[in-house]
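What follows is a short report on a single structure.
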Amino acid sequence: MSVTVRVPAKVNVQLAVGGARPDGFHDLANVFLAVGLYDEVTATPADSLRVTCEGPDAARVPLDRTNLAARAAEKLAARYGRRADVHLHIAKDIPVAGGMAGGSADGAGALLACDALWGTGASREELLDICAELGSDVPFSLVGGAALGTGRGERLRVLEVGGTFHWVFALADGGLSTPAVYGEFDRLTAGARVPEPAASDEVLKALAAGDAAGLAAAVSNDLQAAALSLRPSLASTLAVGGGAGALASLVSGSGPTTAFLVQDAGAARKVAEALVGSGTCRAVRVAAGPVPGAVVL
Ligand code: C5P
């Protein structure tokens, strides 16, 4: 018997970052939107904890205990006084270290899969607590849809969304380390007064109305300058999407994936073609959101 869970990627339609806290984390106003690019995590009983991975980026996924899927299984097992004797297989489609919460998706997926496999009967609150221990973006991977994350991003308020938003994503060569991007943010803002992060009314209104042009005018990512500083070539990718008619072009989370908000599926095809033809990225994906969070298949 085995259990498979499907978990979406995310894009941040607003990522407002405050100054570094004493614990090294940053307070955020983080508006997440789950989009239809998915990892699947399958949990099967085994003699001991083992992680395997398939997919174009599989070679870059750590298969040891640093993998968030393995850590999720260990945390749930510890809480319920049992052994994490499970084989976790990840079918990976979300870019690795791409700023789309791929690792977080695998953590949330493994947690839900093991919970179902082991019949722990953990409450939603317990699962969300474990997610928050695993990482700042992991609770959102479980919840999906759209949400405002505060604190370090783990405290979620579910947001209403009045329509479907169409996106094109340009995958870059290699990944960017999230701590390195936050470190670059600290370097770039050193000596400046970093305002308290706050959710943008315009972003929330445009989401609620399903208004792509309104959302495009309001999106922002305070990590974008840091990601571009570490990876200047992303500027040309952003320019190609803008030139091909994207309503908004931005770095997804800590990057290096770039995200292009478009009006509809037709516009998505045009922007995707331009990006593929430009040679400024490794691969291009089209996806829409919001979509539900982690679900048992
Ligand atoms: O929470 P998570 O493990 O995903 O965070 C990875 C790293 O990103 C942290 O170690 C920290 O360097 C940085 N981070 C941060 N502020 C946040 C979230 C993450 O500085 N709110």
Side-chain angles (χ1 to χ4, degrees), residues 5-13 15 17 25-26 28 30-43 51 53 55 57-58 60-76 88-115 124 126-156 158 169 171 175-182 221 223 227 251-257 259 287 289-295:
V5 172
R6 190 176 77 162
V7 198
K10 60 85 180 162
V11 62
N12 307 86
V13 293
L15 183 44
V17 182
F25 282 88
H26 298 70
L28 305 179
N30 192 351
V31 182
F32 296 100
L33 182 71
V35 295
L37 269 185
Y38 300 96
D39 281 1
E40 285 183 9
V41 182
T42 299
V51 180
C53 185
D57 282 359
R60 294 201 290 125
V61 175
L63 301 177
D64 60 12
R65 300 292 162 96
T66 62
N67 189 299
L68 280 180
R71 287 178 43 210
E74 282 179 329
K75 277 190 186 288
L76 186 70
L88 298 168
H89 181 70
I90 302 168
K92 191 149 223 15
D93 199 32
I94 305 175
V96 176
M100 296 192 76
S104 300
D106 301 342
L111 187 65
L112 203 59
C114 290
D115 177 60
R124 193 76 176 166
E126 265 181 283
L127 294 178
L128 284 169
D129 278 352
I130 298 176
C131 286
E133 286 173 23
L134 290 168
S136 307
D137 288 352
V138 185
F140 179 73
S141 295
L142 190 70
V143 170
L148 168 64
T150 53
R152 58 186 169 84
E154 87 287 13
R155 285 206 303 267
L156 295 180
V158 170
F169 296 98
L171 282 50
L176 270 178
S177 138
T178 304
V181 175
Y182 275 101
N221 179 359
L223 291 182
V251 170
S252 179
S254 55
T257 304
V291 296
V295 288

What closest approach, in Å, do [X] and [Y] show between heavy atoms, and which atom pair accounts for it?
| X | Y | result |
| --- | --- | --- |
| V7 | G109 | CG2-CA, 3.5 Å |
| G107 | V138 | C-CG1, 4.3 Å |
| A105 | P8 | CB-O, 3.9 Å |
| L171 | P95 | CG-CG, 3.8 Å |
| P62 | N67 | O-ND2, 2.8 Å |
| L176 | G255 | CB-O, 3.8 Å |

- S252 (side chain) donor-acceptor with V11 (main chain) under 3.5 angstrom: no
- Got a sec, which residues hit side chain to side chain donor-acceptor pair (under 3.5 Å) with S254, two or more places apart in sequence or on another chain? T178
- Item | Set of residues satisfying side chain to side chain donor-acceptor pair (under 3.5 Å) with respect to D137, sequence neighbours excluded |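 With sequence neighbours excluded, D137 shows a side chain to side chain donor-acceptor pair (under 3.5 Å) to no residue whatsoever.
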Please list, chain by chain and in numerical order, all residues satisfying side-chain contact (heavy atoms from CB on, under 4.5 Å) with [X], sequence neighbours excluded.
| X | answer |
| --- | --- |
| A72 | A110, L111, L134 |
| V158 | V143 |
| R60 | D57, V96, R282 |
| E126 | R79, Y80, A122, S123 |

- Step by step, work out the side-chain contact (heavy atoms from CB on, under 4.5 Å) result for N12 and N221. CA-CA 8 Å; N12 307 86; N221 179 359; 5.9 Å; no
- Message: Please enumerate all residues that pass salt bridge (charged side-chain N to carboxylate O under 4.0 Å, His left out) together with R65, with sequence neighbours excluded.
- Response: E74
- Item | Partners meeting salt bridge (charged side-chain N to carboxylate O under 4.0 Å, His left out) with D115 (sequence neighbours left out) |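 Expected list: none.
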What side-chain donor-acceptor pairs closer than 3.5 Å can you find for residues 146-155, not counting sequence neighbours?
{"residue": "R152", "atom": "NH1", "partner": "S136", "partner atom": "OG", "Å": "2.9"}
{"residue": "R152", "atom": "NH2", "partner": "A132", "partner atom": "O", "Å": "2.6"}
{"residue": "E154", "atom": "OE1", "partner": "R152", "partner atom": "N", "Å": "2.9"}

To the nearest 0.5 Å, how far apart are [atom1] in [X] and [atom2] in [Y]?
| X | Y | atom1 | atom2 | result |
| --- | --- | --- | --- | --- |
| T257 | M100 | OG1 | CE | 6.0 Å |
| I90 | E40 | CD1 | CD | 12.0 Å |
| F140 | L33 | CZ | CG | 6.5 Å |

- Query: Between L112 and L142, is any pair of side-chain heavy atoms under 4.5 Å apart?
  - Reply: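 Yes, their side chains come closer than 4.5 Å.
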- Message: Filter on salt bridge (Lys or Arg N to Asp or Glu O under 4.0 Å), then keep only pairs touching residues 102-114, sequence neighbours left out; what's left?
- Response: K92-D106
- Task: For the pair Y38 and V291, evaluate side-chain contact (heavy atoms from CB on, under 4.5 Å) and give the outcome as yes or no after the intermediate values.
- Result: CA-CA 10 Å; Y38 300 96; V291 296; 3.6 Å; yes
- Item | Partner residues of Y182 under the ring-ring contact (aromatic ring centres under 6.0 Å, His included) criterion, sequence neighbours left out | H26
